[in-house]
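Let me begin by presenting the structure, written as structure tokens, before commenting on it.
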Amino acid sequence: MSLDLNLPQQEAVRHTGTPLLVLAGAGSGKTRVITQKIAYLIGERGMPARHIAAVTFTNKAAREMKARVGRLLGQTPEGLRISTFHALGLDIIRREARHLGLRPGFSIYDNQDSANLIRDLMCRSFGDDGKQAERTQWRISAWKNDFLQPEQVLLEDKSDAISAAAMRVYADYNRHLRTCNAVDFDDLIMLPVLLFREQPEILDKWRSRIRYLLIDEYQDTNATQYELVRALVGERQGLTVVGDDDQSIYAWRGACPENLARLQTDFPDLRVIKLEQNYRSMGRILKAANALIGNNPHVYEKRLWSDLGYGDPIRVIRTANEEDEAERIVAELLHHRFQKGSRFGDYAILYRGNHQSRLFEKQLALHNVPYYLSGGTSFFAYSEIKDIMAYLRLVTNPEDDNAFLRIVNTPRREIGPTSVEALVRFAASRHSHLLNACFDNAIHSELKTRAVNSIQAFANWVVDMSQRVAAGESVEVVRDIIRDIGYETWLIDNCKEREDAERRMGNVNDLVEWISRLSREQKEGGLGEVIRRLTLLDMLDRDDDNARDQVSLMTLHAAKGLEFDCVFLVGFEENLLPHRASIEEGNIEEERRLAYVGLTRARRELTLSFAARRKRHGEIVECEPSRFLDELPADDLDWSGRDNNLSDEEKKARGRGHLAGLRKLLATE
DNA sequence: TGGGGTGATATTTTT
DNA sequence: TATCACCCCA
């Protein structure tokens, strides 16, 4: 084992007899523990790599972990599974597909596909307008994350309109997914758990396959993911989870930080090891972060420390409004960079909501500062990518009615909405899939000859392509499909700008490139498996992001796991952080953790800023500094930033170091 | 078929 | 207020 581990880290790596919970504070080297432990299990315990699985939440984390293990061992061992929860679930589902009633070539629906399906169901089956489809989808997803099946939800309260709508479509939605030979993201976790419950012999098979399970960011697991973990670990003790309850910021999307405490009861032999030495931040930043998070209740107490020195005071900047804030922060950043000769990449501007990025973007652009903005549209949300993916889904899974509907008339094929509707009705009456229904001779009674001809020509072409896929072709078919449908011409005709069409076609070519690469790596499952893996991938999270020298602009959520020399945490205000909605829900603790995550991103310097007034929904509103400012040690704050726009009275209040006094003044200002 | 008018909405987001 | 999705009309 390498010697660059501290004592608790070494203990965590070596402990294997019983399940282990590693409480790893921010910057305490948790990924290092996981990667070293994998190396230890293989290298010193002689455990075959194929029996080890490490699970993360994002592709990026999985990729990084893989790379680090590879570096430790000289190569990534054959059979070692390092993947996201969803990819692990997909692995299980693919191998057990027939037990789940899925045919080979099954599709994965992303959130947008699911919402489309739900919209259809709401309109067709319930006469709803389908306007709330996205929220309904969200609610159903929340149920699936809580491991609640449709029949269990009936017991739930149905007071609000969304829940009521969701309850009506939930079961139907699942049925439709299965009829289309499709699963959604949440099913990737839930179906394996259901299968394991019903068929213990299959569970046994997987238990003997995965004998040691390591989980990163454990505080982000939801109820269903926990069930999957519990099923796989069983009576065996091969489990190491690493997490930090103080960095749990995803409860709103189903994460269940209580899973940390539940381990203790579900695994009585649980060993708990705390990692409290922080290798990232200066002492003062940690002191402030500790003070803040000390206001939250804790199951496990922990106190971060570091030996990197105390560091400069945390600067607090107040400006008159949000425009001044952006101007001021960017000016400070430039000034600082000039003085220290640092790189743009050393800076991050963090905020609570995406909309806050705008003014900062504007200021940075004004000064020609290169910046990286996280949280744009994902690659798979582009309509050209969705189109091509729909084609590929349909040829790998002819039962995928959703894909059929998306592309039957894109590009134009003279199959208008009337024909499509008639086809849908006809297929439903025959309990047939759309593609299949096209070949039914009875269709002539429903549609005009011309429409039938167009539809059958299309259907025949799809079947031709399917057969080529079934015969084992992959990239070649993809290229031919794009050529056959004349997609490039269609893009050029449908874009106002030339560059627009070129950009979109560029995206399509990138997609083909990815498919070609994955096809080479992927040995089993053919094009269908490539498409499924692709659906789980986000091609935008490229590695070279931080290689470029850019200022990072991102939400606090997006910043988790990252670190920067110099952090500006902006909009440190009541109603923003903590967010208004959270205050109303009484959910201050998660907001405090969010602030904590923000503070602990900083290595050397930290600046907090807030505005006295801010435009909200077009109205100018008075703002108060965040209550979290009161929770930071006053002695470590420096309010003396130049030109703080304070009146004399405010300065007096500030001099006393009492925020309360300042706040009173601000309130009456 | 595309542009403009209309109305709903306004935290965080990965897979 | 800004944005976006959707619908309707020319």
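Letters go in sequence order (proteins before strands), and every chain restarts at 1.
- If you take CD of E217(A) and P of dT15(B), they are 12 Å apart, rounded to a whole angstrom.
- Residues R135(A) and W138(A) both approach DNA chain B. Their nearest nucleotides, taken by heavy-atom distance, put R135(A) toward the 5′ side.
- Of the candidates dT15(B), dT11(B), dT12(B), dT11(B) carries the atom nearest the E585(A) side chain, counting heavy atoms from C-beta on.
- When heavy atoms are screened at a 4.0 angstrom cut-off, R533(A) is found touching no nucleic acid atom at all.
- The cationic group of R135(A) does not satisfy the cation-pi geometry with W138(A), failing either the under 6.0 Å distance to the six-membered ring centre or the 45° limit from the ring axis.
- For the pair N222(A) CG and dT12(B) P, the computed distance is 21 Å after rounding to whole Å.
- Looking at the side chain of F185(A), the nearest of the listed nucleotides dT15(B), dT13(B), dT9(B) is dT15(B).
- Rounded to a whole angstrom, the distance from the P atom of dC4(C) to that of dT13(B) is 16 Å.
- With distances taken from any side-chain atom of N354(A) to the nucleotides dT12(B), dT14(B), dT11(B), the minimum falls on dT12(B).
- E361(A) and R358(A) are not joined by a salt bridge, as no carboxylate oxygen comes within less than 4.0 angstrom of a charged side-chain nitrogen.
- Nearest approach of V408(A) to R413(A), heavy atoms of both residues: O-NH1, 2.9 Å.
- Both thresholds, 5.5 Å between centres and 30° between ring planes, are not jointly met by F57(A) relative to the base of dT15(B), so the two rings are not stacked.
- Only the P atoms considered, dA5(C) is 15 Å distant from dT12(B), to the nearest whole Å.
- The distance from atom CG of D184(A) to atom P of dT13(B) is 21 Å, rounded to the nearest whole Å.
- Y347(A) and F568(A) have parallel rings, their planes meeting at less than 30° on a 0 to 90° scale where 60° marks the start of perpendicular.
- Considering only the side chain of R253(A), dT14(B) comes nearest among dT9(B), dT14(B), dT12(B).
- Atom CD of Q356(A) is separated from atom P of dA2(C) by 17 Å (rounded to the nearest Å).
- In this structure, W143(A) and Y170(A) have parallel ring planes: the angle between them is below the 30° cut-off, well short of the 60° mark.
- Below 30°, between 30° and 60°, or above 60°: for F379(A) and Y382(A) the angle between ring planes is above 60°, a perpendicular geometry.
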Full working for side chain to side chain contact (heavy atoms under 4.5 Å, CB included) between L405(A) and N116(A):
CA-CA 10 Å; L405(A) 288 174; N116(A) 287 341; over 6 Å; no
For nucleotides 4-10 of chain C, give me every protein contact, N/O to N/O, under 3.5 Å, one pair per line with atom names.
none

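- In the set dA10(B), dT12(B), dT9(B), the nucleotide with an atom closest to the side chain of H617(A) is dA10(B).
- Using the six-membered ring where Trp is involved, F196(A) and W206(A) have ring planes that are tilted, between 30° and 60° apart.
- Checked against dA10(B), dT13(B), dT15(B), the side chain of N59(A) finds its nearest nucleotide in dT15(B).
- For S378(A), no side-chain nitrogen or oxygen approaches OP1 or OP2 of dT14(B) to under 4.0 Å.
- One interatomic measurement links the two molecules: CD1 of I162(A) to C1' of dA8(B), which rounds to 13 Å at whole-angstrom precision.
- Looking at the side chain of Y250(A), the nearest of the listed nucleotides dT11(B), dT13(B), dT15(B) is dT13(B).
- Salt bridge K386(A)/D110(A): present, at least one basic N to carboxylate O contact under 4.0 Å.
- Checking dT9(B), dT15(B), dT13(B) against the side-chain heavy atoms of T555(A) singles out dT13(B) as nearest.
- Rounded to whole Å, atom P of dT12(B) lies 17 Å from atom CD1 of I588(A).
- Computed from coordinates, the Q137(A) CD to dT13(B) C1' distance equals 12 Å when rounded to whole Å.
- One interatomic measurement links the two molecules: CZ of F85(A) to C1' of dT15(B), which rounds to 12 Å at whole-angstrom precision.
- Side-chain atoms of R412(A) lie closest to dT1(B) of the nucleotides dT1(B), dT13(B), dT15(B).
- One N or O donor and one acceptor, one from the side chain of N111(A) and one from the base of dT15(B), sit under 3.5 Å apart.
- Applying the 5.5 angstrom centroid cut-off and the 30 degree plane-angle cut-off, the aromatic ring of H579(A) is stacked upon the base of dT11(B).
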